[in-house]
Amino acid sequence: MALEIYNYSFDECVQGLTEIAKKLNIENELDEILAHIRLYNIDLPFVALASDYGVPQNRERVLFIGCRKDQKLIKNVPATVSQNEKVTVFEALYDLDFVGNDDEKFNYENIDLKSKYNGTTEQMKGLLKKRSIDGKTDTKKGLTYAEWSRKGRLNGRFTNAKNPFYVRNFEELENGLTHLVAQLQNHKTSKQNNDVVKRLSVILETGNYDEAKEQLKKIGLNSEKRNYNVLKADGQSSTIMTIADDYIHYASPRALTVREMARLQSFDDSFVFQGKRSTGGNKRKFEVPQFTLVGNAVPPLMARAVALEILKNIK
């Protein structure tokens, strides 16, 4: 004598019953029963674009929102900014552009736009807009995206919080004396040799990696690297991934810092990414470096828009 145990999930059971109901032509009756059994409903998935919610990045994510069946079904999350209001890369990063190659800064510095963008100063200034927290333009009480990033978007709810600090590992975390407390964290550039800097300069000047390949080959600076994404000051970035060297700053021949990538994800500057800055090889299996933490994250402003839409519809 043998005992065979069948372990089916609810969805698997429903799938089996649906096939039977189709054969017996009683699908409507089954749907009515299931409507009473289920505790929540889920509409069709929808694609949310991060730049629609005040994030300076074209990052798409498929979302499902499950709603208790006695609550209103949420089918999408409305954009918080219009197409013309979208936050640009320049707005997000301009005030951090005071680092050079193999450089690290712990304090903010003033940016002289006139000397930096001689001839196009007014054009660049025109990209800066006063906004509310969610990105909508607000000329009266608003702040720029960079100002919000410095000040924080938590509306003073954590005024008693300690100053943000950085540690490299758990041992340093347990020892308060090793905490690195600074006004600005995670703002360090990669050490790139002269050939890499020259290569990035050519790509930046050309504006596109594919178009620059022929010229790079002529001057002996071609690379086997599959892709470089040149950021455009007046647009949004492509999806921020986990490798900073895939991106070229819109005004400088260099990769991005962790802080700059975090800005493109809409993290406040007070959010410090701990641990190693980067890693490679087999270490990726058990280490989660700063660039990976940033690249794999959900943009906070998009998450905020989703949460507020849910709160608005809960009774």
Side-chain angles (χ1 to χ4, degrees), residues 56-57 89-90 92-109 111-112 115-118 166-169 180 182 184-233 235 237-265 269 272-296:
Q57 177 190 172
V89 167
F90 182 77
L93 304 184
Y94 85 96
D95 66 317
L96 295 175
D97 191 17
F98 47 78
V99 287
N101 184 34
D102 190 24
D103 193 10
E104 185 172 14
K105 299 291 185 180
F106 296 99
N107 292 287
Y108 297 102
E109 297 181 13
I111 298 293
D112 187 349
S115 62
K116 203 170 187 66
Y117 301 100
N118 187 26
Y166 166 73
V167 294
R168 291 174 295 182
N169 48 50
L180 176 59
L184 179 63
Q185 302 276 13
N186 304 125
H187 199 38
K188 180 179 181 179
T189 53
S190 304
K191 184 177 183 180
Q192 298 174 311
N193 62 41
N194 291 334
D195 283 350
V196 173
V197 174
K198 290 178 183 177
R199 182 184 301 122
L200 297 186
S201 296
V202 172
I203 299 172
L204 181 60
E205 185 177 351
T206 306
N208 181 282
Y209 183 39
D210 288 333
E211 295 177 6
K213 285 181 178 178
E214 191 64 32
Q215 184 180 348
L216 291 172
K217 190 174 182 180
K218 288 180 180 179
I219 60 178
L221 289 175
N222 53 306
S223 171
E224 295 182 359
K225 190 172 177 62
R226 288 187 301 172
N227 192 37
Y228 282 106
N229 294 291
V230 181
L231 297 182
K232 305 299 182 183
S237 77
S238 57
T239 300
I240 290 299
M241 306 296 278
T242 60
I243 303 176
D245 292 346
D246 284 352
Y247 306 91
I248 302 176
H249 191 276
Y250 63 88
S252 304
R254 63 172 178 81
L256 300 180
T257 67
V258 172
R259 179 52 51 201
E260 287 171 326
M261 290 181 71
R263 282 276 188 97
L264 295 177
Q265 281 276 60
D269 290 358
V272 180
F273 296 88
Q274 309 292 349
K276 292 184 178 180
R277 183 170 172 271
S278 62
T279 190
N282 290 330
K283 291 183 178 179
R284 289 182 181 273
K285 296 178 181 178
F286 53 87
E287 290 183 348
V288 185
Q290 297 168 20
F291 283 118
T292 301
L293 290 171
V294 176
N296 287 343

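Computed from a predicted model, the values in this text were never measured in an experiment.
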Please confirm whether the backbone N or O of Asn208 pairs with a side-chain atom of Glu211, one donor and one acceptor, at under 3.5 Å?
-> no
Taking ring-ring contact (aromatic ring centres under 6.0 Å, His included) as the test, write out the residues that go with Phe106, two or more places apart.
-> none
Is a side-chain donor or acceptor of Gln57 paired with a backbone partner of Leu264 at a separation under 3.5 angstrom?
-> yes
What are the two closest non-hydrogen atoms of Ser252 and Ile248, and how far apart are they?
-> O-CG2, 4.0 Å
N/O donor-acceptor pair under 3.5 Å between Asp102 side chain and Ser190 backbone | no
Do you know which of His249, Glu104, Arg259, Arg254 makes side chain to side chain contact (heavy atoms under 4.5 Å, CB included) with Val99?
-> Arg254
Residues Asp245, Lys225: salt bridge by 4.0 Å N-O rule | no
Electrostatic pair Arg263-Asp269, nearest N-O below 4.0 angstrom = yes
Any chance you could measure Leu231, atom CG, to Ser238, atom OG, to the nearest 0.5 Å?
-> 7.0 Å
Closest non-hydrogen contact found for Tyr250 with Tyr94 is OH-CA, 3.3 Å
More than 12 heavy atoms of other groups within 6.0 Å of Asn194 CG = no
Salt-bridge test for Asp103 and Lys188: reply yes if a basic N is under 4.0 Å from a carboxylate O, no otherwise.
-> no
Compare every heavy atom of Phe98 with every heavy atom of Ile111, then report the nearest pair and how far apart it is.
-> CD1-CD2, 3.9 Å
Name all residues meeting the ring-ring contact (aromatic ring centres under 6.0 Å, His included) criterion together with Tyr247; count only those two or more places apart in sequence or in a different chain, and write none if there are none.
-> none
Side chains of Gln290 and Gln274, donor plus acceptor under 3.5 Å | no
Over 12 foreign heavy atoms within 6.0 Å of CD, Glu109 = yes
Residues that Tyr166 engages under ring-ring contact (aromatic ring centres under 6.0 Å, His included), provided they are two or more places apart | none
Taking atom NZ of Lys232 as the centre, report whether more than 12 heavy atoms of other residues, nucleotides or ligands fall under 6.0 Å from it.
-> yes
Within the distance-only criterion (no hydrogens, no angle test), does the side chain of Arg199 pair as donor or acceptor with the backbone N or O of Leu221 below 3.5 angstrom?
-> yes
Spell out, as yes or no, whether a donor-acceptor pair under 3.5 Å connects the side chain of Thr292 to the backbone of Thr242.
-> no
